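Report on the following structure.
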Amino acid sequence: MVAIRILIVEDEPKMASLLKRGLERDAYAVDVVTNGADAIWAAREWPYDCVILDVGIPPPDGFSVARELREEGNWVPILLLTVRDSVEYRVRGLDAGADDYLTKPFAFDELHARVRALLRRKPAPRPGVLQCGDLQLDRAAHSVSRGDFPIELSPREFALLEFLLTHKGEVVTRTEIMDHVWDFEFDGTSNVIDVYIRYLRAKIDRPFGIESIETVRGVGYRLNDADSNGTPS
Ligand code: CA
């Protein structure tokens with residue numbers, strides 16, 4: 001049996017050896033590097049099954065490492081570790097191409113569960129650019145446009161649109177939106193989603209005289225193909 005090989009990128013020696021010992025106990029083959037440059041080198045050199053990547057490491061930082069690997073077409077599952085817990089941070093990590101996100105301090109069992117879940121997934125290339133009609137969202141550049149017209153979105157609006165785009169043509173429920181876009185600081189009233197849908201419509205649809213975000217009464221929302229002429233009317 002070929003060993004499952006995991007790369008740990010962590011500059012704190014205590015944390016690194018704790019992670020290494022814990023994962024080796026589960027019979028994984030584990031390598032440790034302590035900075036971003038070595039992480040990129042190691043991930044290029046070896047076909048890892050999973051990378052556990054601390055955000056706060058000597059440069060380049062964890063976000064940049066993830067982005068660099070994805071830009072090279074390396075889709076190894078990446079679990080980001082960070083000490084900051086905020087939606088913006090999470091969105092940044094996922095935009096950079098990480099697959100999952102864990103906030104320090106965490107229970108070791110939780111880390112094991114996340115790693116097992118990532119290993120079950122086959123690494124799949126996810127398009128850097130999502131499209132629906134002439135609406136475009138570029139994950140790497142963190143930009144949105146309709147036709148040639150650039151659209152400014154807040155991080156939350158961006159995350160919401162990204163979620164709708166990955167499910168374009170399908171109905172997504174408010175609960176699904178809540179879980180994927182608001183899981184860290186959702187305030188308990190589903191009204192916030194409707195408010196953000198309204199913000200989004202005002203930016204991606206109304207100026208172009210189209211309606212791409214459909215309200216599915218009693219269920220949720222659906223993003224449909226809708227071509228504008230690419231300039232606000
Ligand atoms: Ca660190």
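Since the structure is predicted, the reported quantities are computational estimates derived from the model, not experimental observations. Both ligands and their constituent atoms are indexed starting at 1 by order of listing. Residue numbers count from 1 along this sequence.
No other N/O/S atom of Asp11 lies as close to the Ca ion (ligand 1) as OD1 does. Nearest N/O/S atom of Glu12 relative to the Ca ion (ligand 1): this is OE2.
Between Glu10 and Lys104, at least one side-chain nitrogen of the basic residue sits less than 4.0 Å from a carboxylate oxygen of the acidic one, meeting the salt-bridge criterion. Ion pairing of Arg114 with Asp100 is present here, as a side-chain N (NZ or NE/NH1/NH2) and a carboxylate O approach within less than 4.0 Å. Ionic pairing of Asp95 and Arg67 is not present here: no N-O contact between side-chain nitrogen and carboxylate oxygen is shorter than 4.0 angstrom. The existence of a salt bridge linking Arg139 and Glu162 is confirmed by a sub-4.0 Å separation between a basic side-chain nitrogen and an acidic carboxylate oxygen.
Among the backbone and side-chain atoms of Val83, no N/O/S atom is found under 3.0 Å from the Ca ion (ligand 1).
For the pair O of Gly56 and OD2 of Asp54, the angle at the Ca ion (ligand 1) is about 80°; rounding is to 10 degrees.
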